[in-house]
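Following: one structure in C-alpha cells, then a few remarks.
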Number of protein chains: 2
Amino acid sequence: MRYPAAETAEKHARIVEQAGRLFRERGFSGVSVGEIMKETGLTHGPFYNHFASKEALIAESLAQASRMSLAGVAGASPNAAGKAAYIASYLSPAHRDAPGAGCLMAALGCDISREPGVRPTFTTHLKTTLERMASHFPWSSKRHERRDTIRTLSAMVGAMVLARAVDDEALSEEILRETLSGLV
Amino acid sequence: MRYPAAETAEKHARIVEQAGRLFRERGFSGVSVGEIMKETGLTHGPFYNHFASKEALIAESLAQASRMSLAGVAGASPNAAGKAAYIASYLSPAHRDAPGAGCLMAALGCDISREPGVRPTFTTHLKTTLERMASHFPWSSKRHERRDTIRTLSAMVGAMVLARAVDDEALSEEILRETLSGLV
DNA sequence: TGTACATCAGTGAACGCGCGTTCACTGATGTAC
DNA sequence: TGTACATCAGTGAACGCGCGTTCACTGATGTAC
C-alpha cells in the first residue's frame, strides 16, 4: 500500500540508524539485511525500495555515523578540560560496552580495511576527525597540533580495540586507565 | 587412502598456518573452510579429520600465531636500539601491507571482540605480550614498565588499524611515521 | 619374508541453512476530472 | 466536493548461491600371522 511521503523518509532514516548501530556491534558481515529491517519493524522486502544494495546501505550508514561522531567533537568544550573530558569519555568502560553508539574507527577499523567500497568514506571521516580535533582542542604547540592529534587518536583507538577484545575486566580497565593517564 | 603418519601431521600444521594467514587477511567470517583447504592443496572433506569445527581451527590458528608473535619479541635485542627497531618494524608500510604475517591484535582485534569463543585465547596472548615486552625491553623505570608498555602497545595497534583502513597512502604513512616518532 | 586384512586420511557428492536479492501481488494514498 | 484511477511502499514467497558439515566410499599403508 502507498504511505505518506514523510513516513517513507522517516523509515529510511531509521534503517540507516539501526544499520549503523548493528554494523558497529557485529561488523558488516555479521548483520543481515533481514535483521536490520526487522529491527526497524519491517519485513526484508522493501529494503530495495530504499537502497540499491547492502553495500549502498553500508556507505550511507557510515556517513551518518561519521556526522554524529564529528558533532561529538564539536560539542566538547574547546579547552584543556574539554579535551580531557572528551578523551576520558572515549576511554571509558561505558564507551567500551556500547560499540553500537560509539567510535567508528574502533568498532569497524579492521572490517573497513577489507571492504574496498567503504575505504574512501572512512578516509574522509578520519581526515575530518583529525582536522577537527587538531583545531578544536588545545595542543602543546600550533606547530605540532596535527602530529599530537595523530598520536592521541592512535592510542585511543588501539586502547579501545584491545579493551574490547580481552575477556578480563581488570585488564580491560587497566588498558583504558593507563592509556588515558598518558594522554591527559 | 591411508597416508604416512608424518605426512598427516605436516598437513595439519599447514592447514593451521594457512588459516592463520587467511584469517588475519580477511577476518574469520571472510574465509571459508573450503578456501583454507584449497590453499593447503586438499579438498574440503578431510577438514573434519583434522578439526572438530571451524571454531576449533580458529582457536588453534590463533594460538599458533600468538607463539610466532611472541618469538618475534624474544628475538629482538633487549636494549633501547632493539626496542626502537621492533617498534619501527611494527609501524612499517611492510607490516601494514602484510597483515597475514603480522600482528594478531591489529588484524583481528575487532573480530575477536565479537567472537566469544576466541576471547580467552586472545586475552592470554595479550597478557603474555605485555609481560614479555615489559621485561624484555628497557623502559623509563622498572616501576612504570607495565604502564609504559600498555601505552606503547595501544598506540602501535591503533596506528596500524587506522593506517590499514585509510585509502590514502600519504595519510597512512603519516599515521605510521608520527606514531613511531612519538614512541622511540 | 610373503600374504591377508584392518586402518583411516583422502574424495567428492550431498545435506540443511541463511544469505542477498527479486518479484507478483496488495491496497491506502494522492491526483485528475 | 465526490468519484475513478494511477501510484508505489508494503508483503511474503521464491531465486540461486556459498557456507559449515556429513557421509559412503576408496585404496595405499601398516600390522598380524
Side-chain angles (χ1 to χ4, degrees), chain A residues 1-62 108 111-112 114-118, chain B residues 1-62 108 111-112 114-118:
Chain A
M1 70 184 117
R2 194 166 177 184
Y3 282 70
E7 227 171 276
T8 300
E10 188 250 342
K11 271 169 195 164
H12 183 99
R14 251 165 55 211
I15 296 169
V16 172
E17 196 184 321
Q18 291 301 320
R21 178 176 67 81
L22 289 167
F23 287 146
R24 276 176 281 181
E25 279 173 9
R26 303 197 228 139
F28 299 128
S29 61
V31 189
S32 71
V33 165
E35 266 181 304
I36 294 164
M37 295 304 279
K38 188 183 275 179
E39 207 79 1
T40 315
L42 299 167
T43 52
H44 63 282
F47 176 81
Y48 294 90
N49 293 335
H50 288 283
F51 304 94
S53 64
K54 188 185 183 185
E55 195 168 353
L57 171 63
I58 289 175
E60 199 166 323
S61 74
L62 230 61
L108 291 166
D111 303 69
I112 285 162
R114 306 174 199 131
E115 202 80 29
V118 304
Chain B
M1 70 183 117
R2 194 168 178 178
Y3 282 69
E7 225 171 280
T8 298
E10 189 250 343
K11 272 170 195 166
H12 184 98
R14 251 166 53 212
I15 296 170
V16 171
E17 196 184 321
Q18 291 300 320
R21 179 176 67 81
L22 289 168
F23 286 146
R24 276 176 282 180
E25 279 172 8
R26 304 198 227 139
F28 299 129
S29 61
V31 189
S32 70
V33 166
E35 267 182 301
I36 294 164
M37 295 304 280
K38 187 183 277 180
E39 207 80 359
T40 315
L42 299 167
T43 52
H44 62 279
F47 176 81
Y48 295 90
N49 292 336
H50 289 282
F51 305 93
S53 63
K54 189 185 181 184
E55 195 167 352
L57 170 63
I58 288 176
E60 199 167 320
S61 74
L62 230 60
L108 291 167
D111 302 70
I112 286 162
R114 305 175 200 129
E115 204 81 28
V118 303

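Here the structure is a predicted model, which means the values were calculated and not measured.
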Qualifying residue for side-chain contact (heavy atoms from CB on, under 4.5 Å) with A:Ile58, from A:Ile112, A:Val118, A:Asp111:
A:Val118
Specify the separation, in whole Å, of atom [atom1] of [X] and atom [atom2] of [N].
| X | N | atom1 | atom2 | value |
| --- | --- | --- | --- | --- |
| A:Glu115 | C:dG20 | CD | P | 12 Å |
| B:Leu42 | C:dC8 | CG | C1' | 15 Å |
| B:Asn49 | C:dT7 | CG | P | 16 Å |
| A:Met37 | C:dC19 | CE | C1' | 15 Å |
| B:Ile36 | D:dG20 | CD1 | C1' | 11 Å |
| A:Phe47 | D:dG12 | CZ | P | 19 Å |
| B:Leu57 | D:dT21 | CG | C1' | 14 Å |
| A:Lys11 | D:dA9 | NZ | C1' | 7 Å |

Pairs counted as Watson-Crick or G-U wobble with both distances under 3.5 Å: what dot-bracket string results for DNA chain D, using | for bases tied to another strand?
.||||||||||||||||||||||||||||||||
Would you say A:Ser32 places a side-chain N or O within less than 4.0 Å of OP1 or OP2 belonging to C:dC19?
yes
Can a side chain N or O of A:Tyr48 be found less than 4.0 Å away from OP1 or OP2 on C:dT21?
yes
Do the rings of A:Phe28 and A:Phe23 sit parallel, tilted or perpendicular, given the 30° and 60° boundaries?
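It falls in the perpendicular class, over 60°.
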Sidechain-backbone polar pair: A:Gln18 side chain, A:Ile15 backbone, donor-acceptor under 3.5 Å
no
Under a 3.5 Å distance rule, please check whether A:Arg24 uses its side chain to pair with a backbone N or O of A:Gly20 as donor and acceptor.
yes
Holding to salt bridge (charged side-chain N to carboxylate O under 4.0 Å, His left out), I want the full list of residues that pass it with B:Glu55, two or more places apart in sequence or in another chain.
none
Mapping A:Gly45 and A:Glu35 to their closest nucleotides on DNA chain C, which lands nearer the 5' end?
A:Glu35
By nearest heavy atom, map A:Phe28 and A:Pro46 onto DNA chain C; which one lands nearer the 5' end?
A:Phe28
Want to settle it: does A:His50 or A:His44 sit nearer the 5' end of DNA chain D, counting the closest nucleotide to each?
A:His50
Looking only at D:dC19, D:dA9, C:dT11, the nucleotide nearest the B:Thr43 side chain is C:dT11
For a quick check under 3.5 Å, do A:Glu60 and A:His12 share a side-chain donor-acceptor pair by atom type?
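There is such a pair between these side chains.
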Side chain to side chain, B:Phe51 and B:Val33, heavy atoms closer than 4.5 Å:
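When only atoms from C-beta onward are counted, B:Val33 and B:Phe51 do not touch, as no gap falls below 4.5 Å.
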